[in-house]
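First comes the structure, then the notes that go with it.
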Amino acid sequence: QVQLVESGGGLVQAGGSLRLSCAASGNIFSINTKGWYRQAPGKQRELVASITSGGSTNYADSVKGRFTISRDNAKNMMYLQMNSLKSEDTAVYYCAAAESPQAGVLWEYDYWGQGTQVTVSS
């Protein structure tokens with residue numbers, strides 16, 4: 001089992017920045033792909049960004065150029081730097097981890113954090 005805990009959410013004005021963190025514990029050696037998902041009220045959970053154990057990244061079109069995903073394997077941490085935030089970025093953000101080396105869709109992720117709220121005021 002793997003446990004994931006997010007932190008860093010909060011309220012920010014449009015145009016501002018936030019940095020989310022995800023701490024992993026447990027059987028972390030089984031984890032290959034990590035990702036950030038978000039879910040706004042009344043909407044489906046969607047992929048924001050993902051990163052493989054080799055460092056390859058993938059971003060949703062809506063966040064390209066504004067968000068940066070990174071991971072520190074030595075510290076069992078993953079981060080999401082969010083810049084130029086928009087009101088449409090308001091959502092609960094979830095950290096996710098997959099044993100698959102190329103997890104690409106939601107159901108391929110095996111472990112989830114409890115989520116952290118990000119609210120962007122316009």
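Side-chain atoms are counted along with the backbone in the values below, which use heavy atoms only and exclude waters and symmetry mates.
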Mind listing the closest non-hydrogen atom pair of M78 and C95 along with its distance?
CE-SG, 3.6 Å

Which atom pair, heavy atoms only, marks the closest approach of G115 to V92?
CA-CG1, 3.8 Å

Taking side chain as C-beta onward, heavy atoms only, is Q44 less than 4.5 Å from Q39?
no

Do you know the tightest heavy-atom contact between Y94 and W112?
CB-CE3, 3.9 Å

Look up atom OG in S21 and atom CG in D72, then write down how far apart they are to the nearest 0.5 Å.
10.5 Å

How many angstroms lie between atom CD of Q117 and atom CD of E6, to the nearest 0.5 angstrom?
12.0 Å

I'd like to know if F67 and V120 are part of one continuous hydrophobic network [Ile/Leu/Val/Met/Phe/Trp/Tyr, side-chain heavy atoms within less than 4.5 Å].
yes

Cationic tip of R71 within the cone over Y79's six-membered ring, i.e. under 6.0 Å and within 45° of the normal?
no

Separation between CG of L4 and CG of N76, rounded to the nearest 0.5 Å
10.5 Å

Does the pair Y37 and R45 meet the rule for a side chain to side chain donor-acceptor pair (under 3.5 Å), with working shown?
CA-CA 6 Å; Y37 276 77; R45 194 170 296 190; over 6 Å; no

Any sub-3.5 Å donor-acceptor pair from R66's side-chain atoms to S84's backbone N or O?
yes

Should I51 and I31 be regarded as members of a common hydrophobic cluster, given that ILVMFWY residues are connected when their side-chain heavy atoms come within less than 4.5 Å of each other, either directly or indirectly?
no

Is there a donor-acceptor pair under 3.5 Å between the side chain of D110 and the backbone N or O of E99?
yes

Quick one: do V63 and L85 end up in the same hydrophobic cluster if we chain Ile, Leu, Val, Met, Phe, Trp and Tyr together by side-chain heavy atoms under 4.5 Å apart?
yes

For Q102 and E108, work out which heavy atoms get closest and say how close.
O-OE1, 4.0 Å

Determine whether L20 and W36 make a side-chain contact, defined as any pair of heavy atoms from C-beta on separated by less than 4.5 Å.
yes

Could you measure the distance from the CD1 atom of I28 to the CD atom of Q1? Nearest 0.5 Å is fine.
14.0 Å

Tell me whether Y111 is reachable from Y109 by hopping between hydrophobic residues (I, L, V, M, F, W, Y) whose side-chain heavy atoms are closer than 4.5 Å.
no

Under the criterion side-chain contact (heavy atoms from CB on, under 4.5 Å), I'd like the reasoning laid out for S30 against V2: C-alpha separation, chi angles, the key distance, then a yes or no.
CA-CA 9 Å; S30 67; V2 174; 4.1 Å; yes

Would you check if the side chain of T116 reaches a backbone N or O of G9 as a donor-acceptor pair within less than 3.5 Å?
yes

Over all atoms of both residues, closest heavy-atom pair of L80 and A49:
CD1-CB, 4.4 Å

Quick one: do Y59 and I69 satisfy side-chain contact (heavy atoms from CB on, under 4.5 Å)? Show the steps, please.
CA-CA 9 Å; Y59 294 92; I69 189 172; 3.4 Å; yes

Is there a salt bridge (Lys or Arg N to Asp or Glu O under 4.0 Å) between K86 and D89 once you walk through the steps?
CA-CA 5 Å; K86 305 175 181 180; D89 295 318; over 6 Å; no

Looking at L11 and S121, what are the two nearest heavy atoms and their distance?
CD1-CB, 4.3 Å

Check for a donor-acceptor pair, side chain of T33 on one end and backbone N or O of A98 on the other, with a separation under 3.5 Å.
no

Same apolar cluster (I L V M F W Y, side chains within < 4.5 Å links), M82/L47:
no

Quick one: pull up OG in S122 and CD in E88 and give me the separation to the nearest 0.5 Å.
9.5 Å

Is there side-chain contact between V5 and C22, with heavy atoms separated by less than 4.5 Å?
no

Got a second to check how far Q3's CD is from S25's OG, nearest 0.5 Å?
4.5 Å

